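Note sheet for the following structure.
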Amino acid sequence: MSPDGDAPTLSVQHVFKAFGRRPQEIVRRVRSGEDRADLKALGTAAVIDATFDVHPGEIFVVMGLSGSGKSTLIRTLNGLQPATEGVVEVKGRDISTLSKKRLRRLRAEDMAMVFQHFALFPHRTVLENAAYGLEIQGVETRSRRERALEVLDRVGLDGWHDHYPGELSGGMQQRVGLARALASETDILLMDEAFSALDPLIRREMQQQLIALQRELGKTIVFITHDLNEAMYIGDRIAVMKDGRIVQIGTPQDILTRPADDYVAQFIADVDRGRVLTAGSVMVGPDGLSAEEQSRLSAEAVVSEGATLQEIVPAASRADGPLTVTADGTDGEPLGYVRVADLLASLNTPEEYAAPVPGDHQEGGR
Amino acid sequence: MDDFRIPLGRWGEQVLSWMLDVFGGLFGLLRTIMLEANDALIWLLSTPPWWAIALAFAALAWWVRTWKLAVGTLLGFLLIFGMNQWDNAMATLSLVVVATLIAVIISVPLGILAASSRTFSTLIRPVLDFLQTMPPMVYLIPALAIFRVGVVPGMVATILFALAPGVRFTELGIRRVDHEVVEAGEAFGASRWRILRQIQLPLALPTIMAGINQVIMLALSMVVIAGMVGAGGLGGDVVAALNRLDLALGFEAGVSVVILAIFLDRLTSFAGKARTT
């Protein structure tokens with residue numbers, strides 16, 4: 001998803017964000033190595049030295065517990081919370097150099113946002129909510145109505161346009177929030193804990209819908225969450241934040257198989273590995289099977305390289321021997337084989353990661 | 001130490017006479033505007049027959065609230081007419097309406113400013129405390145000096161006294177608008193004016209209306225005091241009754257004030273009707 005030749009859509013370079021009376025001083029002292037806990041009296045160093053690029057069409061997830069600075073970080077991207085230091089570039093433009101008016105135009109035309117508690121306008125109908133971004137862009141009434149209706153239809157809210165947000169369930173309200181963001185037709189979508197306030201079943205449904213929409217629309221998405229499972233399911237790449245710093249950036253598989261430190265490792269214990277690991281990541285090479293195992297291969301037991309372990313379990317339970325892995329799950333050149341024993345072993349959380357997350361990591365307010 | 005005296009009152013006097021010299025023309029203009037507005041409204045309320053006005057108020061009550069309030073309104077105004085207080089009541093109503101309008105025109109923008117600036121909010125708070133706790137009769141003295149005897153000094157004193165809740169409730173209402181909703185406006189690129197107009201004010205409206213309701217009630221409580229400087233109306237009768245120890249007149253004028261108060265209060269307490277998330 002992130003070919004090297006592509007210019008990043010969003011580029012964040014050494015961004016710091018501090019709150020308090022003298023934010024500059026907090027940044028200077030954090031830089032010189034002081035611990036952020038020792039600076040509590042001065043204020044809060046919410047984001048410390050964040051650097052990453054987000055490429056076109058990528059879903060970039062920032063994962064962290066509350067107080068880790070992830071919500072502040074996403075707000076530095078559209079200037080709702082201007083970075084104290086460092087550079088945020090949106091499509092190559094450093095947003096700190098923009099005038100207020102230009103910054104507003106950038107927000108209206110290039111980046112839309114979805115909020116944790118929906119942040120819908122309770123005094124406007126669903127349609128007027130969905131059309132809000134277009135209204136700001138100055139699109140005339142009739143065509144913004146058309147486009148908003150189309151998007152509402154797409155997120156599964158056809159027929160609800162005349163209702164008020166207060167009459168809708170939480171999941172439906174967030175669909176309105178999503179529709180409002182999509183209707184603006186911006187390339188960039190910022191989603192701040194967009195699904196965190198929803199019930200688990202609705203959350204799963206929304207995650208699936210987001211991925212389906214993303215296949216069609218190919219937006220550049222920055223998604224904030226405190227749920228590593230969600231991060232793994234949605235994200236092309238994940239940045240794990242702790243106490244204002246990014247401790248690891250990588251693909252879900254990177255993070256699952258090579259956690260950068262104990263902190264990340266503790267999270268992995270809770271991850272549903274079957275949803276993240278793919279056949280390709282647990283297979284042995286084409287020459288990896290013994291003769292006895294090769295004799296039990298079957299033409300039916302073929303799976304694609306990108307299928308998750310969860311998806312290949314049914315095939316494995318039917319098959320007598322190892323599964324054959326090909327590029328697209330049909331017959332073709334075998335890329336490798338998955339032994340059932342290896343499959344079961346990968347679904348199991350390695351013991352060294354299985355330690356429970358200590359309480360003080362859970363809390364740690366701002 | 002016997003001679004120690006801070007001549008705060010004298011300084012106040014000097015400030016007043018300086019203001020009279022400098023802003024005399026402006027005060028004259030304000031006086032004319034308030035007088036004309038009040039006279040026009042009195043004319044409007046007392047030219048048609050009393051029952052037409054009473055019916056119009058009942059219709060308004062029905063439209064805004066319920067038929068029960070409409071019936072109550074009709075009975076109340078019938079009682080006012082029956083006590084021979086109709087003209088006084090219309091004069092008082094007019095004074096309250098004009099004073100409230102002016103107080104709202106001043107206080108809502110101040111409340112908006114206070115909501116958007118911590119500094120302004122901190123600065124204006126003691127001023128509001130001062131306005132609200134100063135014995136209202138004290139306002140009459142400079143008001144008399146500036147605007148001469150008549151309805152205008154009473155109106156000015158009423159406005160000063162009734163201003164504070166308008167500012168406070170507007171500030172509170174805007175501050176209580178969900179921060180995330182305002183942020184959503186910003187995130188979609190709306191300007192501050194647009195956020196104020198399309199998001200903050202509509203969502204703060206129930207609270208602002210509660211403030212305006214308070215302004216009206218305070219204004220009505222000032223009418224008796226305004227009567228002391230020749231504002232006429234029900235207040236004039238109360239003051240006259242006090243001077244002559246005429247309990248019957250005082251009671252009838254007092255009951256008329258109460259009827260007006262209940263009518264205006266029920267008419268303007270919208271607070272519960274707002275749409276919520």
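We use all heavy atoms of the structure for the numbers below, so side chains are in, but hydrogens, waters and symmetry mates are not. Since this is a predicted model, take the numbers as computed values, not measurements. In what follows, chains carry the letters A, B, and so on, assigned in the order in which the sequence lines appear, proteins first and then strands, with residues in each chain numbered from 1.
- Between A:His123 and A:Phe121, the angle of the ring planes goes over 60°, which puts this pair in the perpendicular group of the 30/60° scheme.
- Across B:Gly185, B:Ala184, B:Pro202, the residue that shares the most heavy-atom pairs under 4.5 angstrom with chain A is B:Ala184.
- For A:Gln137, no part sits under 4.5 Å from any heavy atom of chain B, backbone or side chain.
- Heavy atoms of A:Ile136 lying under 4.5 Å from chain B belong to its backbone as well as its side chain.
- Between B:Phe77 and B:Phe57, the distance from one ring center to the other falls under 6.0 angstrom.
- Residues A:Leu10 and A:Phe52 are not in side-chain contact: their nearest non-hydrogen atoms beyond the backbone lie 4.5 Å or more apart.
- Between chain B and the residues A:Ala112, A:Ala108, A:Gly177, the most heavy-atom pairs under 4.5 angstrom are made by A:Ala108.
- When each of A:Lys101, A:Arg104, A:Glu109 is checked for heavy-atom pairs under 4.5 Å with chain B, A:Arg104 comes out on top.
- For the set A:Met113, A:Arg124, A:His117, the count of heavy-atom pairs under 4.5 angstrom toward chain B peaks at A:His117.
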Subject >> Stepwise side chain to side chain contact (heavy atoms under 4.5 Å, CB included) check, A:Arg93 with A:Asp110 >> reply: CA-CA 12 Å; A:Arg93 280 172 298 178; A:Asp110 292 314; 3.0 Å; yes
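- Aromatic ring centres of A:Phe223 and A:Phe60 lie farther apart than the 6.0 Å criterion allows.
- Both the backbone and the side chain of A:Phe115 come within less than 4.5 Å of a heavy atom of chain B.
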**OP:** Kindly indicate, with the supporting measurements, whether the criterion side chain to side chain contact (heavy atoms under 4.5 Å, CB included) is fulfilled by B:Ile42 and B:Leu93.
**Re:** CA-CA 8 Å; B:Ile42 289 179; B:Leu93 184 60; over 6 Å; no
